[in-house]
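Reviewing the structure listed below.
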2 protein chains.
Amino acid sequence: MSASAPRTRLKTRFKPARLKLSSDHSKRPLDRMSLHDQLVAKVREMIVDGELAAGAPLPERMLCETFGVSRTPLREAFKILAAEGLIELRPHRTPVVAPIDRAEIAEIFDVMVALDRSAGFQAANRASADDITRLDAMHAELVELHRAAQRATYFRLNQQIHSEITRLAGNSVLFNIWSILQRSVFRARAVANYDARRWSESVAEHEAFMALLHAGDAEGFADALSLHTRKTGDSVLLMLD
Amino acid sequence: MSASAPRTRLKTRFKPARLKLSSDHSKRPLDRMSLHDQLVAKVREMIVDGELAAGAPLPERMLCETFGVSRTPLREAFKILAAEGLIELRPHRTPVVAPIDRAEIAEIFDVMVALDRSAGFQAANRASADDITRLDAMHAELVELHRAAQRATYFRLNQQIHSEITRLAGNSVLFNIWSILQRSVFRARAVANYDARRWSESVAEHEAFMALLHAGDAEGFADALSLHTRKTGDSVLLMLD
DNA sequence: AAAATCAAAATTGCATACCGCATCCAGATG
DNA sequence: CATCTGGATGCGGTATGCAATTTTGATTTT
């Protein structure tokens, strides 16, 4: 794909887009995105955040009213979300939020383990001092959140840290795939939260791979990161039984 | 989370949304594809086969006549293809076949190296005697095609072998991602064909990892397979300079 | 009473119409 | 002569209407 900077960044002013439902999400700077992308992002977020439960039907006309758009752009958004695996489309059947399939979650984690090893190695090799400083700050906050037992906030920051590490690998294809998989798994993780033991263990693993990152041990960092992902996956899968 | 990624701090040029991963490739018998899926498959094939050259514009109304459908289903198909990275959609701009971007091809190969290692390991562990027999037959034909210097046929069978190996890993998410990336790279490979030296070397690598498969050395097979992919990538990238 | 049947309602799939942004070119301006 | 401006035109973005299919629920049949 050509240089194509972030999509739709020019003077194009799209309509206010009266996404009426759920004002609690309206804090985000959704402007500067095409209406189409806003729709995709909106529905995606509702699914990932569990606002739309797994298996819930998504009748087109109803959601059209909800979002104040017609069926055409909504259907186009649905194609994207189906491609990402978040919803299921079957001919002449009303779309549904993709069920959380344990077997598929397992498959996704297997892929993420592979991606995390590659991403971790690249990230460790490419991270600047500033990058590491930023990760350190996030990590310190993570530890503090664990100590304070702030589950929800911890969970969110944890995602951000892993996202940041993946981004540091400098491979946008990798980052995009990883992000999509991460979203698919997010729903399952939100439901199946850590138990206290796994939570502590997870924090310890974060400590470990951060130390390896500081040591400049790219291989070790990559292995530790992917092992962490594998253990997280095992833990999540256990809770889905 | 995801929506907050394009926030401010990141000046990176990461492109939004692409790729697909839904895992319904094997469970759907190709007997009755919806018109929509036929459209996607058709345009995808035209792009991958080079019938629609990289960078070529895709005016909606014109293609509607070509395929005998209206703009609505065509546009929906375009959303899918854009998510897969085969075409580019920008607001109020006519869609174009995604240019072959050397940097992106390099990124894709990096991901495929990681995926092939994982897929190879799983495939070697899961392959039945029948599976190996089938691969052997394909491999024998591949060697013969190399001897006969049948470039085009060799190229196609080579794809099939790698696809089959990936499929044997038994992870549909992995297989889908791999297939999408493979298609993106296919166009570049079709243009930048092997030179004779790399071709022979590639066949030798096939011999090598097939031997490791027979030996039941999953680790070795996985390493050999991913190394083969890395070398293939390097070779392709050399030709794109 | 349970199962099968069929018609009415609801919903998706597709086609068409309209609107607005982006591009191009003629004519004006310096 | 080069540049700028403003309207004409083409094409994508969206809304809406109609056709095809599924779902429903009531009625009939076993």
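Just the heavy atoms: all of them, side chains too, but no hydrogens, waters or symmetry mates, feed the values below.
Between B/E60 atom CD and D/dT14 atom C1' the separation is 12 Å, expressed in whole Å. Between B/L89 atom CG and D/dT14 atom P the separation is 12 Å, expressed in whole Å. In this structure, B/L63 places its CG atom 9 Å from P of D/dG12, rounding to the nearest Å. The distance between atom CG of A/L58 and atom P of C/dG13, rounded to the nearest whole Å, is 13 Å. Taking atom CG of residue B/D37 and atom C1' of nucleotide C/dG13, one finds them 13 Å apart after rounding to whole Å. One atom, CG of B/L39, and another, P of C/dG13, lie 14 Å apart when rounded to the nearest Å. Across the protein-nucleic acid pair, B/L74 atom CG and D/dG13 atom C1' stand 14 Å apart, rounded to whole Å. Between the P atom of D/dG13 and the CZ atom of B/R61 lies a distance of 11 Å, rounded to the nearest Å.
The residue among A/H92 and A/E76 whose nearest nucleotide of DNA chain D lies closer to the 5′ end is A/E76.
For B/T94 and D/dG12, the shortest distance from a side-chain N or O to OP1 or OP2 is below 4.0 Å.
One finds no salt bridge joining B/E76 and B/K79 here, because no Lys/Arg side-chain nitrogen approaches an Asp/Glu carboxylate oxygen to under 4.0 Å. The residues A/E164 and A/R167 are annotated as salt-bridged, a charged nitrogen and a carboxylate oxygen being separated by less than 4.0 angstrom.
Each of B/I105, B/L52, B/D49, B/V97 was checked for a side chain to side chain contact (heavy atoms under 4.5 Å, CB included) with B/R187, and the lone residue meeting it is B/V97.
In this structure, the nucleotide among D/dG12, D/dT14, C/dG13 sitting nearest to the side chain of A/R75 is C/dG13.
Residues from residues 64-73 of chain B that place a heavy atom under 4.0 Å from any atom of DNA chain C, listed by number: B/V69, B/S70, B/R71, B/T72, B/P73.
Atom CG of A/L58 and atom CE of A/M46 lie 9.0 Å apart (nearest 0.5 Å).
The main-chain N or O of B/E107 is never found under 3.5 Å from a side-chain atom of B/D110 such that the two would form a donor-acceptor pair.
The salt bridge (charged side-chain N to carboxylate O under 4.0 Å, His left out) search around B/E51 returns none, not counting sequence neighbours. With sequence neighbours left out, the salt bridge (charged side-chain N to carboxylate O under 4.0 Å, His left out) criterion links B/D234 to no other residue.
At the heavy-atom level, A/R93 lies under 4.0 Å from the strands shown only through sugar-phosphate atoms.
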